[in-house]
2 protein chains.
Amino acid sequence: MEPTQTVEDYVRAIYQLQEGAEDVSTSALAEVMKVAPATVTSMLKKLDQLGYAVYTPYQGVSLTESGRRLALNIVRRHRLVELYLVQALEIPWDRVHEEAHRWEHVISDEVLAKMDEVLGHPERDPHGAPIPGENGSLPATSTVRLSALRSGQRAVVAEVADNVPEMLRYIGNLGLYPDVAIEIIAVAPFDGLVTVRVGERQHIIGQRIARSIFVKDIISTEE
Amino acid sequence: MEPTQTVEDYVRAIYQLQEGAEDVSTSALAEVMKVAPATVTSMLKKLDQLGYAVYTPYQGVSLTESGRRLALNIVRRHRLVELYLVQALEIPWDRVHEEAHRWEHVISDEVLAKMDEVLGHPERDPHGAPIPGENGSLPATSTVRLSALRSGQRAVVAEVADNVPEMLRYIGNLGLYPDVAIEIIAVAPFDGLVTVRVGERQHIIGQRIARSIFVKDIISTEE
DNA sequence: ATTATAATTTAGAGTATTATAACAAAGATG
DNA sequence: CATCTTTGTTATAATACTCTAAATTATAAT
Ligand SMILES: [Mn+2]
Ligand SMILES: [Mn+2]
Ligand SMILES: [Mn+2]
Ligand SMILES: [Mn+2]
């Protein structure tokens, strides 16, 4: 009855690839799960069997309601644990992802509830990602990539992609944490280098970084 | 290279059954691991292969130095986690064992070190059991079962067996935590019921309980 | 020394997860 | 539309862990 760790990871991966509505492809899953495509195929049959997903050969998969519930539960665990590690144990934000990926499968509901309480029922993880509620509700978010901003605009960092630790560390060094206010000083042509002001400091960042940072509360001041 | 969770659990089980020096039997292991004896036999061959144990068919197993190191490391993780759960997350002491048994396999050294630091490099887990050091050292202990005390003796609770949650809860309700001072008021004949004073309160406990509590600092006062 | 009992091991299988190699379907191209 | 390329699926197999039932060995009791 209890889903295995592996099943939990597949379901979460499907959920996170699903984004809008399109079906998820075998190869996309194979890539994020770091397994061979053939392995994914047999797992998809099992997920269909278990009722977590609907799988149509050669077409792709999508989660069922039951699968969505499971995925949201894992995501909740993952993000609460990440925040707990940063907040309570002072682990740097670029080193909590791997740890949370293991913890998310072994923490009891009782302990998770305690963490949630200690943290004051937070809405966002250390990278700004929304933490699903126990009922599966997701705090609404309306963000834009920093790369989409124009010169002169001000905004507040909302979320930072957390899958590449080195990038996280780099972004952290620039002071670009969630809730930090920024201002776009300039956007250079051709390579799109962005000059951004963070507090008193200015940094020039490339497109790769600019696309990994999401902002909110955009206000166009000058010009 | 990395030992699997199962291997870690077997090695720890052997370590804890080994006690003095005698070899551990297949059936004893099967019992604590809750698997069939045949399962143990095949696992013992593997542990021997991996260099964690020396296995002689029909004779039993004992750990190698490498196995002992691994076992002590798992025990350290287990006990640090138990204490962390009790201290930092206020989980009752009778519900941390199961949780720790899962966490002990997934916590990184970095996070474990942080827990150790937050707890102030403790020497004992919530049940009074010694926490092995990083080097494998064990704080020395010299305790006696409460059941061995005679009427009139005073002592201090040192350790409580932590494998039966219901018993732990019961013992906790009596106030018999590590470091609590007690006095033996009377020991009844035949069934060996012990009347023990804990602070202002007196309790009568049976042999099963009395044998599960270990005490130290014994002083014989009256008589 | 022989026999009964208990403990242990071997044989044969099953589940879960993964991989490689060979084949099949879908999509793109001219 | 016929072929080439990419993507996905089927065999088939390997590793890790577990089980039941049958055979074997050790131990205790005549
Ligand atoms: Mn993460
Ligand atoms: Mn995150
Ligand atoms: Mn324990
Ligand atoms: Mn303990």
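Convention: sequence-line order gives letters A, B, ...; per-chain numbering from 1.
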Flag, side chain of B:His127 to backbone of B:Trp93, donor-acceptor distance under 3.5 Å: yes

Of all heavy-atom pairs linking A:Thr141 and A:Pro139, the shortest is OG1-O, 3.3 Å

Can you check side chain to side chain contact (heavy atoms under 4.5 Å, CB included) on B:Asp116 and B:Arg76, steps first, answer last? CA-CA 10 Å; B:Asp116 185 38; B:Arg76 171 174 167 82; 3.4 Å; yes

Atom CG of B:Leu29 and atom P of D:dT18 are separated, to the nearest Å, by 12 Å

Identify the nucleotide, in any strand shown, that forms a Watson-Crick or G-U wobble pair with D:dC17, with both distances under 3.5 Å; if there is none, say none. C:dG14

Whole Å only: how far is the CG atom of B:Asp9 from the P atom of D:dC17? 11 Å

Can a salt bridge be assigned to the pair B:Glu31 and B:Lys34 using a cut-off of 4.0 Å between side-chain N and carboxylate O? no

Could A:Arg12 and A:Asp9 be called an ion pair, given the rule that one side-chain N must be under 4.0 Å from one carboxylate O? yes

Heavy-atom contacts, protein to nucleotides 6-18 of chain C, under 4.0 Å, summarised as B (base), S (sugar-phosphate only) or - (none) per nt, yield --SBB-----SSB

